[in-house]
Number of protein chains: 2
Amino acid sequence: MDNFRIGFLLFPNLTQLDLTGPAQVLSRMPGAVVDYVGQDLAPVMSDCRLALVPTRTLADADRYDMIVVPGGYGVPAVMADRHMLGWLRDQAETAKLVTSVCNGSLILAAAGLLKGYRAGCHWAWGQELARFGATFVAERTVVDRNRITAGGVTSGIDFAFRVIEQLHGRDVAETIQLTLEYDPVPLGGGTPATARPEILASLRANLAPRMAEPLAAIRAVPPFGE
Amino acid sequence: MDNFRIGFLLFPNLTQLDLTGPAQVLSRMPGAVVDYVGQDLAPVMSDCRLALVPTRTLADADRYDMIVVPGGYGVPAVMADRHMLGWLRDQAETAKLVTSVCNGSLILAAAGLLKGYRAGCHWAWGQELARFGATFVAERTVVDRNRITAGGVTSGIDFAFRVIEQLHGRDVAETIQLTLEYDPVPLGGGTPATARPEILASLRANLAPRMAEPLAAIRAVPPFGE
């Protein structure tokens, strides 16, 4: 079987599960060869006090069949990083799949890679996509041509199984689900549409001050090419 | 709010999501202070080519309110590591919760910490618990006194929400589910009981040669105290 090279982007203050969820699932895909690409080879700190070690740098990275961009509070800094955005645009020219998890879609958007595309995002950040010419869709996995973008955090696991189903069919995807015992039992209320109104209102109020600065930074990013 | 100190055990060839899933969820628990405890501070390689960086060594670890032991193909080596088992027994004397994900329960069992307890495990490994005096229960989260043990891999996410619900109540658990957009959409068939028979049979046949050596190693581990 031919190798299918997958490059995950690493950057400081990423939301750890945005990357590790799909990394676990996609690593089990037949032929998958996975890299974690950082600015340099120094461990990258995530939001969980857990530092992740790159296998490649931007400068010596492979050319990937699939790139995966996670999200997190570190997203605004990457959206302002012309070097990282340039790397993504360059990879996207030849990648078969250009993908993201959570508000990682804002990074793809800032690189000009979602203009005219439907895209997923964490529900609290999705409205920022419009300014970059993308249309936010509140689903766990949004497929538009070769852009496959997930919703918030845990969506990355469903997104990864969807990619495997698309590339290898249902039997392979179900086999990997069985290997990873993927039979989730959520409490319910995991989306704004299904959450109890008082839980959603309280969370929105708590997030607002924490999101003010990153939102201002995101709104200061020029849409690519302007 | 008082701190609630959580220590995750790191060891080579752990299944990455066993640790990173609950780490993401439990990091958001009010008061949580999370450590990743390794033999030393060198990055520890997981099954996904992703190396994780310890924050503490066994020797300079804190005393934890909760210890979490992940699973993976690296489990048999830890079951034979008297130093690591001794550390777990010592921590378990004062920990409020002694927990594991996937076949990490075999490590707790080898340390003598599950004798007379009901326990979860990855479905392919659960039958090995009996020799250590534990009773395998095929559920995503198994609670028996202060031992809380999860099923395979992705069960660790449900396990973590269950712990938060137990410690902080339903509203806090649902709020963190909403933050992490936990509204999974599995394909179905993620357990032996629900999988299509041909998928299960094929997977068992594929796993058998890979599991032969680790199973032999596990069966060579003396039950603690003998």
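All values below come from the heavy atoms of this structure, side chains included, with hydrogens, waters and symmetry mates left out. Being a predicted model, the structure only gives us computed values, none of them experimental. Chain naming here is simple, since letters A, B, ... match the order of the sequence lines and numbering starts at 1 in each.
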[atom1] of [X] to [atom2] of [Y]: how many Å apart, nearest 0.5 Å?
X        : Y        : atom1 : atom2 : result
B:Leu17  : A:Tyr182 : CG    : OH    : 10.0 Å
B:Asp18  : A:Gln24  : CG    : CD    : 7.0 Å
A:Leu178 : B:Ser202 : CG    : OG    : 10.0 Å

Please flag which part of [X] lies under 4.5 Å from any non-hydrogen atom of chain A: side chain, backbone, both or neither.
X        : value
B:Tyr36  : side chain
B:Ala195 : side chain
B:Leu19  : side chain
B:Ser27  : side chain
B:Pro54  : neither
B:Ser46  : neither
B:Glu198 : neither

Requested in this report: Give a yes or no answer on whether the side chain of A:Thr154 reaches the backbone of B:Leu180 with a donor-acceptor pair at less than 3.5 Å.
Outcome: yes
Requested in this report: Spell out, as yes or no, whether a donor-acceptor pair under 3.5 Å connects the side chain of B:Arg140 to the backbone of A:Glu181.
Outcome: yes
Report the option among [options] that has the most heavy-atom pairs separated by less than 4.5 Å from atoms of chain A.
options                               : result
B:Leu26, B:Ile176, B:Thr55            : B:Thr55
B:Ile199, B:Thr15, B:Val25, B:Leu200  : B:Ile199
B:Asp35, B:Leu207, B:Thr194, B:Ile157 : B:Asp35
B:Asp171, B:Thr141, B:Thr191          : B:Asp171
B:Met45, B:Arg162, B:Glu165, B:Arg170 : B:Arg170

Report task. Taking atom CD of A:Gln127 as the centre, report whether more than 12 heavy atoms of other residues, nucleotides or ligands fall under 6.0 Å from it. Result -> yes
Report task. Please indicate whether A:Arg145 has more than 12 foreign heavy atoms, meaning atoms of other residues, nucleotides or ligands, lying under 6.0 Å from its CZ. Result -> yes
Can you name the nearest heavy-atom pair linking [X] to [Y], along with the distance?
X        : Y        : result
B:Val53  : A:Leu50  : O-CD1, 4.1 Å
A:Asp158 : B:Pro184 : OD2-CA, 3.4 Å
A:Ala23  : B:Gln16  : CB-NE2, 4.0 Å
A:Thr179 : B:Val153 : O-CG2, 4.2 Å
B:Leu187 : A:Ala173 : CD1-CB, 3.5 Å

Query raised in the report: Checking heavy atoms, do the side chain of A:Arg28, its backbone, both or neither come under 4.5 Å from chain B?
Result: side chain
**Report entry** Heavy-atom contact with chain B under 4.5 Å, split by part of A:Asn206
**Finding:** neither
Report task. Tell me, out of A:Asp47, A:Thr20, A:Leu203, who's got the most heavy-atom pairs with chain B below 4.5 Å. Result -> A:Thr20
